[in-house]
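As C-alpha coordinates, the structure follows; a few thoughts come after it.
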Amino acid sequence: MSKIEMTKKHLITCSVILVLVIISSVNIFSTNPVFLVKHVAYVPSNLLFSKPAEDAEEAFSFANEALPVNDKKVDFKLKKSIAKNKYKNIQSNVLHAKADKMFPIIEPILKAYGIPEDFKFIPLVETGLHEGTSPKGARGVWQFMPGTARTYGLKVGKGKDDRLNLRKSTIAACKYIKELYGEFNSWTLAAAAYNNGSIKLERAMNRQNEDNYFRMSLNRETGSYVYKIIAMKEIINNPAKYGYKNFYSYMQKPLPFLVAYNN
(Lines give C-alpha, C1' and ligand atoms only; values in the text may rest on other atoms or scores of the structure.)
Protein backbone atom coordinates (compact mmCIF):
# COMPACT_ATOMS: atom_id res chain seq x y z
CA MET A 1 0.00 0.00 0.00
CA SER A 2 1.38 3.39 -0.99
CA LYS A 3 1.86 6.28 1.44
CA ILE A 4 -0.92 8.21 -0.32
CA GLU A 5 -3.41 5.38 0.18
CA MET A 6 -2.40 5.00 3.84
CA THR A 7 -2.86 8.71 4.39
CA LYS A 8 -6.33 8.63 2.78
CA LYS A 9 -7.34 5.67 4.95
CA HIS A 10 -6.10 7.43 8.08
CA LEU A 11 -8.05 10.57 7.20
CA ILE A 12 -11.23 8.56 6.62
CA THR A 13 -10.85 6.84 10.00
CA CYS A 14 -10.31 10.16 11.77
CA SER A 15 -13.29 11.66 10.01
CA VAL A 16 -15.55 8.81 11.12
CA ILE A 17 -14.37 9.17 14.72
CA LEU A 18 -14.93 12.94 14.61
CA VAL A 19 -18.48 12.49 13.29
CA LEU A 20 -19.29 10.00 16.03
CA VAL A 21 -17.96 12.39 18.68
CA ILE A 22 -20.09 15.22 17.30
CA ILE A 23 -23.23 13.05 17.23
CA SER A 24 -22.62 11.88 20.81
CA SER A 25 -22.18 15.47 21.97
CA VAL A 26 -25.42 16.55 20.35
CA ASN A 27 -27.30 13.69 21.99
CA ILE A 28 -25.85 14.46 25.40
CA PHE A 29 -26.70 18.14 25.32
CA SER A 30 -30.14 17.61 23.88
CA THR A 31 -31.12 15.39 26.81
CA ASN A 32 -32.61 16.96 29.90
CA PRO A 33 -29.98 16.88 32.64
CA VAL A 34 -30.68 14.69 35.68
CA PHE A 35 -29.96 16.39 38.97
CA LEU A 36 -29.32 14.53 42.19
CA VAL A 37 -31.97 16.56 43.97
CA LYS A 38 -34.60 14.79 41.86
CA HIS A 39 -33.89 11.58 43.77
CA VAL A 40 -34.62 13.16 47.14
CA ALA A 41 -38.33 13.20 46.33
CA TYR A 42 -38.38 9.42 46.28
CA VAL A 43 -37.25 9.06 49.88
CA PRO A 44 -40.36 8.00 51.83
CA SER A 45 -41.50 10.99 53.90
CA ASN A 46 -43.26 8.84 56.49
CA LEU A 47 -40.11 7.17 57.81
CA LEU A 48 -39.99 8.95 61.14
CA PHE A 49 -36.67 7.51 62.16
CA SER A 50 -34.85 7.88 58.85
CA LYS A 51 -32.67 10.50 60.55
CA PRO A 52 -29.71 9.57 62.74
CA ALA A 53 -30.80 8.32 66.14
CA GLU A 54 -29.68 11.50 67.89
CA ASP A 55 -31.84 13.69 65.65
CA ALA A 56 -34.81 11.34 65.89
CA GLU A 57 -34.71 11.33 69.68
CA GLU A 58 -34.61 15.10 69.75
CA ALA A 59 -37.51 15.37 67.30
CA PHE A 60 -39.72 12.73 68.89
CA SER A 61 -39.60 12.80 72.65
CA PHE A 62 -41.89 13.47 75.57
CA ALA A 63 -40.78 15.75 78.40
CA ASN A 64 -37.16 15.22 77.28
CA GLU A 65 -37.54 11.46 77.79
CA ALA A 66 -36.43 9.86 74.52
CA LEU A 67 -38.28 7.15 72.67
CA PRO A 68 -36.53 3.84 71.84
CA VAL A 69 -36.15 4.85 68.19
CA ASN A 70 -34.99 1.46 66.91
CA ASP A 71 -38.10 -0.33 68.18
CA LYS A 72 -40.40 -1.23 65.24
CA LYS A 73 -43.49 -1.28 67.46
CA VAL A 74 -42.77 2.23 68.73
CA ASP A 75 -42.11 3.44 65.20
CA PHE A 76 -45.40 1.97 63.94
CA LYS A 77 -47.54 3.32 66.81
CA LEU A 78 -46.10 6.81 66.50
CA LYS A 79 -46.57 6.91 62.72
CA LYS A 80 -50.14 5.73 63.20
CA SER A 81 -50.89 8.46 65.75
CA ILE A 82 -49.40 11.18 63.57
CA ALA A 83 -51.30 9.94 60.50
CA LYS A 84 -54.60 10.17 62.39
CA ASN A 85 -53.99 13.85 63.08
CA LYS A 86 -52.88 14.94 59.60
CA TYR A 87 -55.08 17.49 57.90
CA LYS A 88 -56.36 14.98 55.35
CA ASN A 89 -58.00 13.08 58.23
CA ILE A 90 -58.96 15.98 60.50
CA GLN A 91 -60.08 18.41 57.75
CA SER A 92 -60.14 21.22 60.29
CA ASN A 93 -57.90 23.78 61.99
CA VAL A 94 -59.78 23.39 65.27
CA LEU A 95 -56.78 21.82 67.04
CA HIS A 96 -54.54 24.79 66.25
CA ALA A 97 -57.29 27.26 67.16
CA LYS A 98 -57.73 25.55 70.54
CA ALA A 99 -53.97 25.56 71.11
CA ASP A 100 -53.84 29.31 70.43
CA LYS A 101 -56.60 29.87 72.94
CA MET A 102 -55.38 27.57 75.73
CA PHE A 103 -51.59 27.54 75.60
CA PRO A 104 -50.99 31.15 76.74
CA ILE A 105 -52.90 30.29 79.94
CA ILE A 106 -51.59 26.76 80.43
CA GLU A 107 -47.88 27.32 79.76
CA PRO A 108 -47.06 29.73 82.65
CA ILE A 109 -48.97 27.55 85.11
CA LEU A 110 -47.04 24.44 84.06
CA LYS A 111 -43.80 26.37 84.43
CA ALA A 112 -44.75 27.64 87.89
CA TYR A 113 -45.36 24.08 89.08
CA GLY A 114 -42.22 22.66 87.43
CA ILE A 115 -44.18 20.54 84.95
CA PRO A 116 -42.60 19.97 81.49
CA GLU A 117 -44.25 22.03 78.77
CA ASP A 118 -45.14 18.93 76.75
CA PHE A 119 -48.03 18.32 79.16
CA LYS A 120 -49.86 21.26 77.58
CA PHE A 121 -50.82 18.91 74.74
CA ILE A 122 -52.87 16.67 77.05
CA PRO A 123 -56.01 18.87 76.82
CA LEU A 124 -55.87 18.60 73.02
CA VAL A 125 -55.58 14.81 73.27
CA GLU A 126 -58.33 14.58 75.88
CA THR A 127 -60.89 16.77 74.10
CA GLY A 128 -59.72 16.70 70.47
CA LEU A 129 -62.17 18.37 68.13
CA HIS A 130 -65.01 18.19 70.66
CA GLU A 131 -65.96 19.51 74.08
CA GLY A 132 -68.37 18.21 76.68
CA THR A 133 -68.74 15.47 79.24
CA SER A 134 -67.50 11.94 78.63
CA PRO A 135 -69.82 8.92 79.10
CA LYS A 136 -68.02 8.23 82.39
CA GLY A 137 -68.58 11.76 83.69
CA ALA A 138 -65.19 13.38 83.00
CA ARG A 139 -65.48 17.05 82.06
CA GLY A 140 -63.40 20.05 81.04
CA VAL A 141 -60.24 20.23 78.94
CA TRP A 142 -58.32 18.17 81.52
CA GLN A 143 -61.21 15.65 81.67
CA PHE A 144 -61.44 15.41 85.45
CA MET A 145 -63.87 13.03 87.07
CA PRO A 146 -65.91 14.75 89.79
CA GLY A 147 -64.18 12.96 92.67
CA THR A 148 -60.66 13.60 91.36
CA ALA A 149 -61.54 17.24 90.68
CA ARG A 150 -62.66 17.76 94.28
CA THR A 151 -59.51 16.03 95.57
CA TYR A 152 -57.36 18.67 93.89
CA GLY A 153 -59.36 21.69 94.97
CA LEU A 154 -62.01 22.12 92.30
CA LYS A 155 -65.64 22.81 93.21
CA VAL A 156 -68.09 20.52 91.45
CA GLY A 157 -71.80 20.59 92.21
CA LYS A 158 -74.60 22.95 93.31
CA GLY A 159 -74.52 24.79 90.01
CA LYS A 160 -70.73 25.25 90.02
CA ASP A 161 -68.12 23.31 88.04
CA ASP A 162 -64.52 24.51 88.21
CA ARG A 163 -63.56 21.82 85.71
CA LEU A 164 -64.74 24.25 83.03
CA ASN A 165 -62.45 27.00 84.30
CA LEU A 166 -59.21 26.64 82.31
CA ARG A 167 -56.98 28.35 84.85
CA LYS A 168 -58.35 26.57 87.93
CA SER A 169 -58.48 23.17 86.24
CA THR A 170 -54.89 23.55 84.96
CA ILE A 171 -53.68 24.28 88.49
CA ALA A 172 -55.49 21.15 89.70
CA ALA A 173 -53.96 19.13 86.84
CA CYS A 174 -50.47 20.34 87.76
CA LYS A 175 -50.95 19.23 91.36
CA TYR A 176 -52.13 15.82 90.19
CA ILE A 177 -49.34 15.39 87.61
CA LYS A 178 -46.67 16.41 90.10
CA GLU A 179 -48.01 13.84 92.55
CA LEU A 180 -47.91 11.17 89.85
CA TYR A 181 -44.31 12.06 88.97
CA GLY A 182 -43.37 11.75 92.64
CA GLU A 183 -44.82 8.25 92.62
CA PHE A 184 -43.31 6.98 89.35
CA ASN A 185 -40.22 9.19 88.93
CA SER A 186 -40.93 9.40 85.19
CA TRP A 187 -42.89 12.02 83.27
CA THR A 188 -43.87 9.43 80.68
CA LEU A 189 -45.30 7.10 83.31
CA ALA A 190 -46.95 10.10 85.00
CA ALA A 191 -48.74 10.87 81.73
CA ALA A 192 -49.81 7.23 81.38
CA ALA A 193 -51.07 7.23 84.98
CA TYR A 194 -52.99 10.44 84.28
CA ASN A 195 -54.93 8.47 81.72
CA ASN A 196 -55.25 5.10 83.47
CA GLY A 197 -54.88 5.91 87.15
CA SER A 198 -51.84 5.24 89.30
CA ILE A 199 -53.20 2.04 90.88
CA LYS A 200 -53.87 0.30 87.55
CA LEU A 201 -50.53 1.40 86.11
CA GLU A 202 -48.62 0.23 89.17
CA ARG A 203 -50.31 -3.16 89.00
CA ALA A 204 -49.35 -3.49 85.34
CA MET A 205 -45.75 -2.57 86.14
CA ASN A 206 -45.54 -5.13 88.94
CA ARG A 207 -47.20 -7.83 86.85
CA GLN A 208 -44.86 -7.26 83.90
CA ASN A 209 -41.80 -6.39 86.01
CA GLU A 210 -41.29 -3.41 83.71
CA ASP A 211 -40.95 0.33 84.31
CA ASN A 212 -40.52 1.54 80.72
CA TYR A 213 -43.83 2.70 79.23
CA PHE A 214 -42.74 1.95 75.66
CA ARG A 215 -41.97 -1.69 76.52
CA MET A 216 -45.15 -2.32 78.48
CA SER A 217 -48.32 -4.03 77.33
CA LEU A 218 -51.24 -1.82 78.40
CA ASN A 219 -54.88 -1.42 77.45
CA ARG A 220 -55.48 0.16 74.03
CA GLU A 221 -56.23 3.67 75.32
CA THR A 222 -53.35 3.93 77.77
CA GLY A 223 -50.96 2.07 75.47
CA SER A 224 -51.43 4.73 72.80
CA TYR A 225 -51.84 7.74 75.11
CA VAL A 226 -48.26 9.04 75.16
CA TYR A 227 -47.95 8.43 71.42
CA LYS A 228 -51.01 10.64 70.93
CA ILE A 229 -49.41 13.41 72.99
CA ILE A 230 -46.18 13.24 70.99
CA ALA A 231 -48.15 13.19 67.73
CA MET A 232 -50.17 16.22 68.84
CA LYS A 233 -46.96 18.02 69.72
CA GLU A 234 -45.59 17.31 66.25
CA ILE A 235 -48.80 18.41 64.48
CA ILE A 236 -49.13 21.66 66.42
CA ASN A 237 -45.45 22.59 66.13
CA ASN A 238 -45.13 21.73 62.42
CA PRO A 239 -48.56 22.37 60.86
CA ALA A 240 -47.46 22.94 57.25
CA LYS A 241 -45.53 19.66 57.28
CA TYR A 242 -48.76 17.75 57.88
CA GLY A 243 -51.02 19.57 55.44
CA TYR A 244 -52.47 22.35 57.58
CA LYS A 245 -52.82 25.54 55.52
CA ASN A 246 -53.59 29.13 56.46
CA PHE A 247 -52.75 28.35 60.08
CA TYR A 248 -52.07 31.31 62.33
CA SER A 249 -50.47 30.62 65.65
CA TYR A 250 -49.10 32.83 68.37
CA MET A 251 -46.26 30.31 68.64
CA GLN A 252 -45.38 30.11 64.98
CA LYS A 253 -46.50 32.87 62.62
CA PRO A 254 -46.53 31.73 58.99
CA LEU A 255 -44.02 33.32 56.69
CA PRO A 256 -45.54 35.12 53.66
CA PHE A 257 -43.78 32.87 51.15
CA LEU A 258 -45.00 29.76 53.03
CA VAL A 259 -48.61 30.93 52.92
CA ALA A 260 -48.26 31.72 49.22
CA TYR A 261 -46.70 28.29 48.59
CA ASN A 262 -49.46 26.42 50.43
CA ASN A 263 -52.14 28.32 48.56
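Predicted model only: the values in this text are computed from it and were never measured.
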Checklist entry - Which heavy atom of F214 sits nearest a heavy atom of A66, and at what distance? => result CE1-O, 4.4 Å
Checklist entry - In terms of heavy-atom contacts, does CG of N219 have more than 12 from other residues, nucleotides or ligands at under 6.0 Å? => result yes
Checklist entry - Taking the six-membered ring for Trp, is the centroid-to-centroid distance between Y176 and Y113 below 6.0 Å? => result no
Checklist outcome for this item: For R215, the salt bridge (Lys or Arg N to Asp or Glu O under 4.0 Å) test, sequence neighbours excluded, returns E210
Next on the checklist: Within a 6.0 Å radius of atom NZ on K73, are there more than 12 heavy atoms belonging to other residues, nucleotides or ligands?
Outcome noted: yes
Checklist outcome for this item: Given the options E234, K86, K88, Y242 meets side chain to side chain donor-acceptor pair (under 3.5 Å) only with E234
Checklist entry - Which pair of non-hydrogen atoms, one from P104 and one from A99, has the smallest distance, and what is that distance? => result CD-O, 3.9 Å
Item to check | Validation row, ring centre Y225 to ring centre Y194 under 6.0 Å | outcome: no
Checklist entry - If you round to the nearest 0.5 Å, how far is NZ of K200 from CG of N195? => result 9.5 Å
Checklist outcome for this item: Residues pairing under side chain to side chain donor-acceptor pair (under 3.5 Å) where one sits in residues 179-192, two or more places apart or in two chains, turn out to be E65-S186, E65-T188, Y152-E179
Checklist outcome for this item: Rounding to 0.5 Å, atoms CD1 (I109) and SG (C174) come to a distance of 6.5 Å
Next on the checklist: What verdict does the ring pair (Phe, Tyr, Trp, His ring centres under 6.0 Å) test give for F121 and F103, after you've listed the backbone C-alpha separation in whole Å, the side-chain angles of each residue and the deciding distance to 0.1 Å?
Outcome noted: CA-CA 9 Å; F121 298 102; F103 286 179; 5.4 Å; yes
Item to check | Qualifying salt bridge (charged side-chain N to carboxylate O under 4.0 Å, His left out) pairs with a residue from residues 137-152, counting only residues at least two apart or across chains | outcome: R139-D161
